[in-house]
*Asks:* 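One structure, as structure tokens, below. Some questions next.
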Amino acid sequence: MTMTYDDTVMIAVEALTKSFTLHLQGATHIPVLGRMDFALSAGECAVLDGPSGAGKSTLMRCIYANYLPQQGRVLIRHDGALADITHAEPRTILDIRRRSLGYVSQFLRVIPRIPTLQLVMEPLLTLGVAEEEARTRAATLLARLRIPERMWHLPPGTFSGGEQQRVNIARVLVVDYPVLLLDEPTASLDADNRQTVVELVTEACARGAAIVGIFHDALVRDAVATRVISVTPHDRAAA
Amino acid sequence: MSTQLPTQIPTGGYNFAYLDEQTKRMIRRAILKAVAIPGYQVPFGSREMPLPYGWGTGGIQVTAAIIGPEDTLKVIDQGADDTTNAVNIRSFFQKTTGVATTEKTREASLIQTRHRIPETALSEGQIMVYQVPIPEPLRWLEPREGETRKMHGLAEYGVMQVKLYEDIAHYGHISTAYDYPVRVNGRYIMSPSPIPKFDNPKMDNSPALQLFGAGREKRIYAIPPYTSVKSLDFEDHPFEIETWDGACAICGATDSYLDEIVTDDTGGRIFVCSDTDYCGERVEAGHKGADDEEKAA
Amino acid sequence: MNKLLQVHDLTKTYGARTGCANVSFDLYPGEVLGIVGESGSGKTTLLRCLSAQLEPSAGTVAYDMRVKGLTDIWSLSEPERRMLTRTDWGIVHQNARDGLRMEVSAGANVGERLMAVGARHYGNIRTEAEDWLTKVEIDTGRIDDLPASFSGGMQQRLQIARNLVTQPRLVFMDEPTSGLDVSVQARLLDLIRTLVSRLGIACVIVTHDLGVVRLLAHRLMVMRRGQVVEQGLTDQVLDDPQHAYTQLLVSSILPV
């Protein structure tokens with residue numbers, strides 16, 4: 001069965017099934033996602049909805065190819081065509097991530113010792129953006145996210161949770177990725193910063209990005225969502 | 001070189017030139033191979049000789065293998081014919097072969113040497129025999145014999161430049177003064193034995209056959225007549241020989257390798273030719289040293 | 001893009017004992033492959049086979065030669081293979097003493113590869129050596145010092161400079177950061193990562209440290225008892241390990 005999609009579709013999730021087998025715990029089998037199907041077009045912001053433990057983050061990670069699904073596949077618009085990221089070679093996955101797919105994870109995970117500004121510039125530099133332009137764009141975004149300039153030249157390792165989260169957001173949103181995955185980007189932010197993130201997400205949608213997000217904050221969710229995709233635990237979905 | 005057996009054994013009980021004929025043949029085969037591959041170290045079955053390693057056992061075996069009754073032998077040590085080692089080796093061959101000996105470079109058909117090449121230009125038909133303590137120029141950076149052989153085989157000679165690089169980095173110039181590495185016939189890197197680099201240019205395109213023997217290390221190598229011998233260097237630090245401000249105190253020579261001699265315990269010193277034959281010839285021809293000229297004036 | 005390295009069914013046995021068995025993979029220009037596994041898993045044997053230090057018992061290692069294209073390295077003549085390993089390849093050893101000439105200066109260590117390929121201008125060699133010392137964050141004032149007077153981290157950085165000076169396209173690294181203090185390790189990792197990505201060098205890194213591969217490697221191969229038990233994108237293998245052994249490795253990381 002091959003689905004056909006029109007040119008505006010940016011993400012297509014087909015029959016996605018994900019379970020974990022814990023070999024160290026007597027091969028315990030934990031089903032998480034069962035046959036998820038949806039497609040998302042440019043300018044859409046889909047918010048994943050479901051109880052804690054339903055597999056929202058797992059779905060997000062399968063889309064990012066960080067987790068390997070047992071069945072089904074995920075297609076991402078890359079270089080004009082829909083690419084199967086689930087079955088791609090590692091170097092293709094990395095190329096899709098570098099140019100087409102941005103992912104704000106729950107926690108900042110970076111190499112120690114690198115200054116914040118450099119971290120935020122880096123995705124631009126790897127895309128071939130000139131050093132000066134990359135610096136300006138990174139600085140503008142950090143300022144907008146209220147990271148004080150005196151902290152730009154420090155590595156974020158010692159920053160507070162909220163500051164690290166904002167660096168994490170800046171590092172992704174500095175590039176205009178056509179597809180964005182946001183895993184609770186506002187979890188530890190105050191009201192002002194939450195509002196900034198809402199604006200950034202809205203702007204991304206307006207420029208035509210397709211976004212999949214997890215937002216626990218109902219205000220944020222209502223502000224950005226163009227549709228809601230419900231994720232239900234696998235056993236119930238199968239029933 | 002003569003393969004003809006001598007009719008008379010000069011010293012009772014010993015074969016001509018001490019070594020037995022089979023051993024000489026073995027060494028000659030090694031020499032022929034060495035001549036055929038200029039600069040390549042040919043292994044040979046080095047024999048026990050009646051003198052210690054380091055005193056010239058390799059040179060003596062090469063000389064013994066090629067000397068014939070008609071040869072005229074000259075032996076030098078540090079340029080001099082009258083030092084212990086030179087005197088002993090010369091008398092060894094006098095006793096075991098009965099050949100004529102000389103101190104004159106021009107008259108010798110065979111010259112065994114340690115540390116110098118005579119100042120007087122060599123001519124066709126002459127043979128130089130060098131005593132070599134360490135034949136492997138790559139040894140200082142590569143202790144494994146198998147690996148140095150491979151490096152020679154593949155002409156991987158980068159490490160020799162590393163040695164010269166280190167000289168310049170530490171002293172501002174190439175400070176290697178003895179045993180200065182050379183490339184023979186555009187191919188093999190060769191140790192010229194511990195001669196001063198002053199003598200290196202004399203090896204290049206020499207009309208004489210040059211043979212090198214290392215007794216302890218059991219290696220023979222050669223430079224056939226009229227073969228290119230180039231001293232290694234850098235484009236911006238070209239090879240240079242030593243120069244002296246003064247002249248020989250005895251003969252006034254300014255073109256020869258000078259030894260410094262301390263004359264008293266108050267810092268007095270003079271420079272004299274290391275090549276005693278060359279110096280003597282010049283004195284005979286009427287040249288005078290700086291000291292003599294001062295006295296005469 | 002052409003494959004840089006193509007490994008097919010590579011096997012190395014020592015008598016009845018297996019070093020590594022039936023390893024196959026392709027490596028593309030600029031790709032960093034991490035090989036992980038515990039001591040004795042065969043990862044170092046594999047690295048030595050890949051880097052022409054050890055002849056495999058079976059299988060092929062083909063490299064995209066600059067002139068001839070993809071060529072089995074064991075079909076090359078020995079001079080060609082030796083030339084390849086010291087120009088287009090680099091090998092960074094676990095112990096700097098195995099990869100450096102300890103008896104000559106830092107500058108000579110960096111300059112040696114240049115001299116080996118025919119550089120004969122002292123001034124140029126020195127300028128290049130200074131340039132590389134700067135790139136690996138070693139003060140150029142130390143250029144004439146012996147590596148023995150360097151710290152462990154500096155020795156590793158010098159080893160990297162010595163290898164990269166001929167601009168290789170493929171570098172093999174065997175536990176490049178083990179034996180270093182954690183802070184020194186972080187600095188070295190950052191340096192390797194920056195140089196490798198800026199110069200577009202492909203890399204095969206053997207390590208037992210999963211933190212190292214998470215930072216450096218694009219993809220991973222997990223080895224156990226000479227076999228590759230799992231391979232794939234680095235974060236996928238580490239975050240969603242499929243094989244029991246990989247799950248054990250990942251779950252054995254001490255939390256900080």
Side-chain angles (χ1 to χ4, degrees), chain A residues 18-30 32-33 55 57-70 74 85-98 101 103 105-107 109-115 118-119 121-123 125-128 131 155 157 183, chain C residues 1-4 25-34 137 177 182-194 196-198 200 202 211-221 229-252 256:
Chain A
K18 176 63 191 166
S19 61
F20 294 95
T21 304
L22 307 180
H23 293 282
L24 303 179
Q25 273 89 46
T28 310
H29 186 79
I30 305 174
V32 180
L33 299 173
S57 283
T58 298
L59 171 60
M60 195 85 98
R61 285 165 174 253
C62 285
I63 297 173
Y64 196 57
N66 178 229
Y67 283 176
L68 184 69
Q70 271 64 42
V74 175
I85 196 171
T86 307
H87 301 100
E89 288 289 314
R91 63 198 183 93
T92 308
I93 300 176
L94 291 173
D95 187 51
I96 294 171
R97 288 181 181 179
R98 189 163 46 241
L101 180 61
Y103 172 48
S105 57
Q106 277 173 291
F107 303 102
R109 191 183 233 163
V110 290
I111 294 196
R113 173 185 114 101
I114 300 179
Q118 192 65 39
L119 281 174
M121 285 167 66
E122 203 178 73
L125 296 178
T126 51
L127 288 173
E131 180 106 11
D183 193 350
Chain C
M1 202 190 286
N2 288 333
K3 291 171 191 168
L4 193 62
F25 68 90
D26 297 333
L27 192 72
Y28 286 81
E31 234 183 342
V32 179
L33 169 69
E137 302 171 19
T177 58
V182 181
S183 61
V184 176
Q185 235 186 54
R187 185 174 175 197
L188 184 65
L189 286 175
D190 180 29
L191 180 83
I192 293 175
R193 199 186 55 99
T194 310
V196 163
S197 77
R198 191 179 303 156
V212 168
V213 286
R214 188 182 282 276
L215 289 183
L216 292 181
H218 298 142
R219 41 190 273 240
L220 274 194
M221 256 166 53
V229 296
E230 185 165 353
Q231 59 176 318
L233 189 71
T234 299
D235 61 88
Q236 198 178 83
V237 172
L238 293 180
D239 294 340
D240 186 17
Q242 308 291 310
H243 191 277
Y245 178 69
T246 316
Q247 291 186 359
L248 176 67
L249 273 188
V250 171
S251 66
S252 303
V256 179

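Note that this is a predicted model, so its numbers are computed, not measured. Within every chain, numbering begins at 1; the chains are lettered A, B, ... in the order of the sequence lines, protein sequences first and strands thereafter.
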*Asks:* Is there side-chain contact between C:T194 and A:E122, with at least one heavy-atom pair below 4.5 Å?
*Replies:*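 They are not in contact (no side-chain heavy atoms under 4.5 Å apart), so the answer is no.
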*Asks:* Which answer fits C:S197, side chain, backbone, both or neither, if we ask what part of it has an atom under 4.5 Å from a heavy atom of chain A?
*Replies:* neither
*Asks:* Should C:D190 and C:R187 count as an ion pair when the cut-off is N to O under 4.0 Å?
*Replies:* no
*Asks:* Under a 4.0 Å threshold between the charged nitrogen and the carboxylate oxygen, would A:R61 count as salt-bridged to C:D240?
*Replies:* no
*Asks:* Less than 4.5 Å to any heavy atom of chain C: does that hold for the side chain of A:I114, its backbone, both, or neither?
*Replies:*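 A:I114 touches chain C through side-chain heavy atoms alone.
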*Asks:* Using non-hydrogen atoms only, which part of C:Q247 is less than 4.5 Å away from chain A: side chain, backbone, both, or neither?
*Replies:*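 Contact with chain A is through both the backbone and side chain of C:Q247.
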*Asks:* So for C:Q242, is it side chain, backbone, both, or neither that comes closer than 4.5 Å to the heavy atoms of chain A?
*Replies:*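 Both backbone and side chain of C:Q242 come within 4.5 Å of chain A.
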*Asks:* What part of A:F20 lies closer than 4.5 angstrom to a heavy atom of chain C: side chain, backbone, both or neither?
*Replies:*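 Only the side chain of A:F20 comes within 4.5 Å of chain C.
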*Asks:* Can you check whether C:E230 reaches C:Y245 side chain to side chain, under 4.5 Å on heavy atoms?
*Replies:* no
*Asks:* At a heavy-atom distance under 4.5 Å, which candidate from C:L248, C:D235, C:L238, C:L189 has the highest pair count against chain A?
*Replies:*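 Heavy-atom pairs under 4.5 Å are most numerous for C:D235.
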*Asks:* When heavy-atom pairs shorter than 4.5 Å are enumerated against chain A, which of C:E31, C:Q231, C:H243, C:R214 gives the highest number?
*Replies:* C:R214
*Asks:* Report yes or no: does C:T234 contribute a side-chain atom to a donor-acceptor pair with the main-chain N or O of C:A217 at less than 3.5 Å?
*Replies:* yes
*Asks:* In terms of heavy-atom proximity below 4.5 Å to chain C, should A:L68 be classed as side chain, backbone, both, or neither?
*Replies:*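 Both parts, backbone and side chain.
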*Asks:* Start with the C-alpha distance between A:M121 and A:E131, add both sets of side-chain angles, then the distance that settles side chain to side chain contact (heavy atoms under 4.5 Å, CB included), and finish with yes or no.
*Replies:* CA-CA 8 Å; A:M121 285 167 66; A:E131 180 106 11; 3.9 Å; yes
*Asks:* Counting C-beta onward and ignoring hydrogens, is there a side-chain heavy-atom pair between A:L101 and A:I85 closer than 4.5 Å?
*Replies:*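 The answer is yes; the side chains approach within 4.5 Å.
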*Asks:* Of the backbone (N, CA, C, O) and the side chain (C-beta and beyond), which part of A:Q70 lies under 4.5 Å from a heavy atom of chain C, both, or neither?
*Replies:*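 A:Q70 touches chain C through side-chain heavy atoms alone.
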